[in-house]
Amino acid sequence: MAEKITTLSHLKQLALRGKADSEAQIAELAKLVIDILEDMRHFGITVTLPAANWSGGVQTVRHESLLADSSYWYLIYSDARVKADDITTNGQVTFRCEAVPETDLNVNIIRLEIAS
């Protein structure tokens, strides 16, 4: 049953407790992810998305290490607001954006090999 809030100070205490609980859960989750990543084989890839290559908010890049294989998962990171489609064709991945970047973007990709 939810705790009844009686004062503004009580509400603040509950909010701080909730924030601490959330931070602890995030830290625990991060440790689990790190442990999983350390147990997996992984490979780092960097691709560049040239500013001039966007067409309708879409751009496909090629890299020989991108494999359309269910035994691989890909984590894609960029400071820019771009999203990658699933890799369905060996050697290429398609990126999408809402606002076309004015400069070239470097995107970091981690390929994780999942044990079967």
Side-chain angles (χ1 to χ4, degrees):
M1 187 166 140
E3 191 174 330
K4 184 176 179 182
I5 299 171
T6 56
T7 65
L8 204 49
S9 175
H10 186 214
L11 176 63
K12 181 178 178 182
Q13 288 175 344
L14 289 175
L16 291 173
R17 188 177 338 147
K19 180 180 177 194
D21 289 346
S22 295
E23 289 171 351
Q25 289 173 347
I26 289 169
E28 183 178 341
L29 179 60
K31 184 185 178 327
L32 289 171
V33 169
I34 288 169
D35 290 345
I36 289 168
L37 290 175
E38 286 176 348
D39 288 343
M40 296 178 158
R41 293 183 53 199
H42 57 279
F43 182 79
I45 303 164
T46 300
V47 296
T48 299
L49 307 177
N53 288 6
W54 292 99
S55 176
V58 177
Q59 179 175 164
T60 299
V61 294
R62 290 170 179 31
H63 193 286
E64 67 276 358
S65 297
L66 300 170
L67 303 174
D69 184 321
S70 62
S71 62
Y72 296 113
W73 286 358
Y74 293 89
L75 300 175
I76 298 175
Y77 173 76
S78 171
D79 289 335
R81 292 187 172 141
V82 296
K83 294 186 180 190
D85 291 349
D86 288 339
I87 297 172
T88 58
T89 302
N90 283 336
Q92 67 183 42
V93 61
T94 299
F95 288 87
R96 299 178 186 280
C97 65
E98 290 184 24
V100 174
E102 296 178 7
T103 60
D104 295 353
L105 302 176
N106 287 322
V107 178
N108 299 302
I109 303 170
I110 298 175
R111 184 183 75 196
L112 302 171
E113 185 173 347
I114 308 303
S116 5

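When every heavy atom of I45 is checked against every heavy atom of S65, the shortest pair comes out as CD1-CB, 3.7 Å. Contact detail for A84 and I76: the closest heavy-atom pair is CB-CD1, 3.2 Å. The two residues I87 and A68 make their nearest non-hydrogen contact at O-CB, 3.5 Å. Of all heavy-atom pairs spanning A51 and P101, the tightest one is CB-O, 3.8 Å.
With rounding to the nearest 0.5 Å, the separation of CG in N90 from CG in L66 is 9.0 Å. Rounding to the nearest 0.5 Å places CD of Q13 at 8.0 Å from CG of L16. Atom CG of N108 sits about 8.0 Å away from atom OH of Y77, to the nearest 0.5 Å.
Contact annotation: the side chain of Q25 never approaches that of L29 to less than 4.5 Å [non-hydrogen atoms, C-beta and beyond].
Paired with F95 under the rule side chain to side chain contact (heavy atoms under 4.5 Å, CB included), one option of L105, L49, D85, V58 passes, and it is L49.
Looking only at distances, a side-chain donor or acceptor of D69 sits under 3.5 Å from a matching main-chain atom of S71. In this structure a side-chain-to-backbone donor-acceptor pair under 3.5 Å is present from Y74 to L67.
The number of heavy atoms from other shown groups lying within 6.0 Å of CG (D86) does not exceed 12.
Evaluation of the side chain to side chain donor-acceptor pair (under 3.5 Å) test over residues 47-60, restricted to residues two or more places apart or in two chains, returns T48-N106, T60-T94.
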